[in-house]
Peer 1: 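Input: one structure, supplied below.
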2 protein chains.
Amino acid sequence: MKDFTTLLRTHNLKATPQRLIILENIYNDGHINIDNLFDKVKQTFNSISLATIYKNINAMIDNSILTEVKLPNTKSVYEIIKQKHYHLLCNNCQSITDIEIDTSSIINDISSRYHFQVDKSDLVLSGICQKCLLDN
Amino acid sequence: MKDFTTLLRTHNLKATPQRLIILENIYNDGHINIDNLFDKVKQTFNSISLATIYKNINAMIDNSILTEVKLPNTKSVYEIIKQKHYHLLCNNCQSITDIEIDTSSIINDISSRYHFQVDKSDLVLSGICQKCLLDN
DNA sequence: CTGACTGCAAACGTTTTGCACGGTA
DNA sequence: TACCGTGCAAAACGTTTGCAGTCAG
């Protein structure tokens with residue numbers, strides 16, 4: 001469990017109970033889409049409105065607490081901003097796994113070949129995860 | 001200019017004038033979002049409806065003629081399916097460039113480290129393109 | 001000739017907004 | 001206490017659908 005109160009305040013947002021529960025749920029899940037987040041948050045805060053979820057997701061993205069991860073063939077998920085990493089997406093169970101890869105050689109290659117200044121990289125590898133491979 | 005009539009027919013779709021113009025516009029642009037596509041197509045086929053654009057984009061995706069490219073911080077674009085490649089996205093001029101990178105070592109590494117069967121990879125490098133770097 | 005396609009309008013699901021009330025700092 | 005945040009309902013937005021007419025093969 002992290003100190004989400006401090007996280008919010010250092011990013012110029014008030015630490016309301018709704019925001020704390022939203023962050024706890026995103027943190028526990030790792031990556032979560034709006035619908036699942038709303039369902040989960042309602043379990044501990046059943047009066048919360050969907051508009052509040054949206055407003056807070058957007059506020060936290062604007063204030064660099066969260067980031068949106070766009071995925072092929074499925075809804076975007078949101079995650080707390082952390083160190084640079086990439087994603088595995090299982091097309092069978094829909095699980096998302098953070099992975100670390102050294103992409104510096106690729107990025108350097110592209111920078112020089114295309115004279116493109118790379119500020120951000122997004123990589124999603126889709127396929128079948130270990131668990132689903134074993135289950136079938 | 002390619003033979004889009006054959007492309008459509010070999011994918012079990014009728015070669016209507018609307019579809020040919022849609023494909024020509026996507027081909028010429030390389031990658032285009034729905035709004036820009038609608039604007040462009042209207043220039044040569046002003047009676048076309050937005051519903052027809054949507055229906056055809058979806059039909060062509062379902063029949064493996066087109067693919068959707070999801071991009072960070074901006075709308076998805078559509079492109080004609082071609083050989084495997086990745087994308088550069090300029091955050092200044094919004095241009096999208098196809099790039100070729102050998103990602104096999106990364107994918108092999110991930111397959112063995114995570115026991116994940118990789119079927120597809122999506123990589124977007126965002127930043128500033130050469131033209132915009134020179135202009136500023 | 002027949003099934004597939006088009007264009008319109010209506011419907012739909014998702015996200016945003018306005019506003020009065022409530023809570024954080 | 002001042003301002004930010006919440007919750008509700010309504011609005012806006014993007015996309016899909018139903019249907020009658022049309023066209024490609």
Side-chain angles (χ1 to χ4, degrees), chain A residues 3-26 32-78, chain B residues 3-25 32-71 73-78:
Chain A
D3 178 5
F4 296 123
T5 300
T6 303
L7 179 66
L8 285 163
R9 289 186 185 151
T10 56
H11 287 81
N12 305 309
L13 292 174
K14 293 193 173 177
T16 66
Q18 290 89 339
R19 284 180 180 160
L20 294 172
I21 292 171
I22 288 170
L23 281 172
E24 276 167 33
N25 277 282
I26 297 177
I32 194 164
N33 68 32
I34 293 282
D35 300 335
N36 293 342
L37 179 62
F38 185 44
D39 289 346
K40 286 255 192 158
V41 168
K42 265 195 298 193
Q43 289 172 19
T44 43
F45 203 113
N46 81 312
S47 65
I48 201 167
S49 76
L50 187 51
T52 298
I53 300 277
Y54 276 110
K55 284 172 184 169
N56 282 322
I57 291 290
N58 289 333
M60 291 193 255
I61 289 173
D62 292 345
N63 289 280
S64 304
I65 292 176
L66 298 181
T67 186
E68 178 182 0
V69 183
K70 293 195 178 181
L71 302 168
N73 307 316
T74 189
K75 292 185 180 185
S76 290
V77 294
Y78 301 89
Chain B
D3 178 6
F4 296 123
T5 300
T6 303
L7 180 65
L8 286 163
R9 290 186 185 152
T10 56
H11 289 79
N12 305 308
L13 292 174
K14 293 194 171 178
T16 67
Q18 290 90 337
R19 284 180 180 159
L20 293 172
I21 291 171
I22 289 171
L23 281 172
E24 274 168 33
N25 277 282
I32 194 164
N33 68 32
I34 293 282
D35 300 335
N36 292 342
L37 179 62
F38 185 44
D39 289 346
K40 286 257 191 157
V41 168
K42 265 195 300 194
Q43 288 172 19
T44 43
F45 203 114
N46 82 312
S47 66
I48 201 166
S49 77
L50 187 51
T52 297
I53 300 276
Y54 277 110
K55 284 172 184 169
N56 283 322
I57 292 290
N58 289 333
M60 292 194 253
I61 288 174
D62 292 345
N63 290 279
S64 303
I65 291 175
L66 298 181
T67 187
E68 178 182 1
V69 182
K70 292 196 179 182
L71 302 169
N73 307 315
T74 189
K75 293 185 179 183
S76 290
V77 293
Y78 301 88

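Chain letters run A, B, ... following the sequence lines, proteins first, then strands; residues in each count from 1. Side-chain atoms are counted along with the backbone in the values below, which use heavy atoms only and exclude waters and symmetry mates.
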Peer 1: From CG of D62(B) over to C1' of dC5(C), roughly how many Å is that when rounded to an integer?
Peer 2: 15 Å

Peer 1: Just compare dG7(C), dT6(D), dT14(C) and give me whichever is closest to any side-chain atom of N56(A).
Peer 2: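 It is dT6(D).
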
Peer 1: So, does S47(A) get its side chain near the phosphate of dG7(D), meaning an N or O under 4.0 Å from OP1 or OP2?
Peer 2: yes

Peer 1: Pick base, sugar-phosphate or nothing for F38(A), based on heavy-atom distances below 4.0 Å to the nucleic acid.
Peer 2: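 Result for F38(A) = nothing.
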
Peer 1: Using whole Å, what does the distance between atom P of nucleotide dC5(C) and atom CE of M60(B) come to?
Peer 2: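 Value for this atom pair: 11 Å.
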
Peer 1: Is the CG atom of D39(B) crowded by more than 12 outside heavy atoms at less than 6.0 Å?
Peer 2: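 More than 12 within 6.0 Å, yes.
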
Peer 1: Kindly say if Q18(B) contacts the phosphate of dC23(D), meaning a side-chain N or O under 4.0 Å from OP1 or OP2.
Peer 2: no

Peer 1: Looking at I32(B), is its backbone amide N or carbonyl O close enough to the side chain of K40(B) to form a donor-acceptor pair, meaning the two atoms are under 3.5 Å apart?
Peer 2: no

Peer 1: Measuring only between side-chain heavy atoms, which start at C-beta, is M60(B) closer than 4.5 Å to L8(B)?
Peer 2: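 A side-chain contact exists here, since the closest heavy-atom pair is under 4.5 Å.
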
Peer 1: List the protein contact pattern of nucleotides 18-25 of chain C with one symbol per nucleotide (5' to 3'): B for base contact, S for sugar-phosphate-only contact, - for none; contact means a heavy-atom distance under 4.0 Å.
Peer 2: B----BBS

Peer 1: Measuring from the side chain of R19(A) (C-beta onward, heavy atoms only), which nucleotide among dG5(D), dG7(C), dC5(C) has the closest atom?
Peer 2: dG5(D)

Peer 1: Take the protein atom CG of L50(B) and the nucleotide atom P of dG14(D), then report the distance between them rounded to whole Å.
Peer 2: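 Rounded to the whole Å, the gap is 9 Å.
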
Peer 1: Look only at the side chain of R9(B) and the backbone of K14(B), and say whether a donor-acceptor pair between them is shorter than 3.5 Å.
Peer 2: no

Peer 1: Taking atom P of dG5(D) as reference, at what distance in whole Å does atom CZ of F45(A) sit?
Peer 2: 15 Å

Peer 1: Pair T5(A), L20(A) - check side chain to side chain contact (heavy atoms under 4.5 Å, CB included), show working.
Peer 2: CA-CA 7 Å; T5(A) 300; L20(A) 294 172; 3.7 Å; yes

Peer 1: Quick check against the 3.5 Å criterion: does T52(A) have a side-chain atom that pairs as donor or acceptor with the backbone of I48(A)?
Peer 2: no

Peer 1: In whole angstroms, how far is the P atom of dC4(D) from the CG atom of L20(A)?
Peer 2: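 The distance from CG of L20(A) to P of dC4(D) comes to 19 Å, rounded to the nearest Å.
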
Peer 1: For dC8(D), does OP1 or OP2 lie under 4.0 Å from any side-chain N or O of S49(A)?
Peer 2: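 Looking at the OP1 and OP2 atoms of dC8(D), neither is under 4.0 Å from any side-chain N or O of S49(A).
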
Peer 1: Counting only N and O atoms by type, is there a donor-acceptor contact under 3.5 Å from the side chain of T10(A) to the main-chain atoms of L7(A)?
Peer 2: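 Indeed, once roles are kept as given, a pair shorter than 3.5 Å links the two residues.
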
Peer 1: Grab the CD1-C1' distance between I53(A) and dC8(D) for me, whole Å please.
Peer 2: 15 Å

Peer 1: Which whole-number value in Å describes the distance from I57(B) CD1 to dC5(C) P?
Peer 2: 14 Å

Peer 1: Can you check the N58(B) CG to dT6(C) C1' distance for me, whole Å?
Peer 2: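 Taking atom C1' of dT6(C) as the reference, CG of N58(B) is at 15 Å.
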
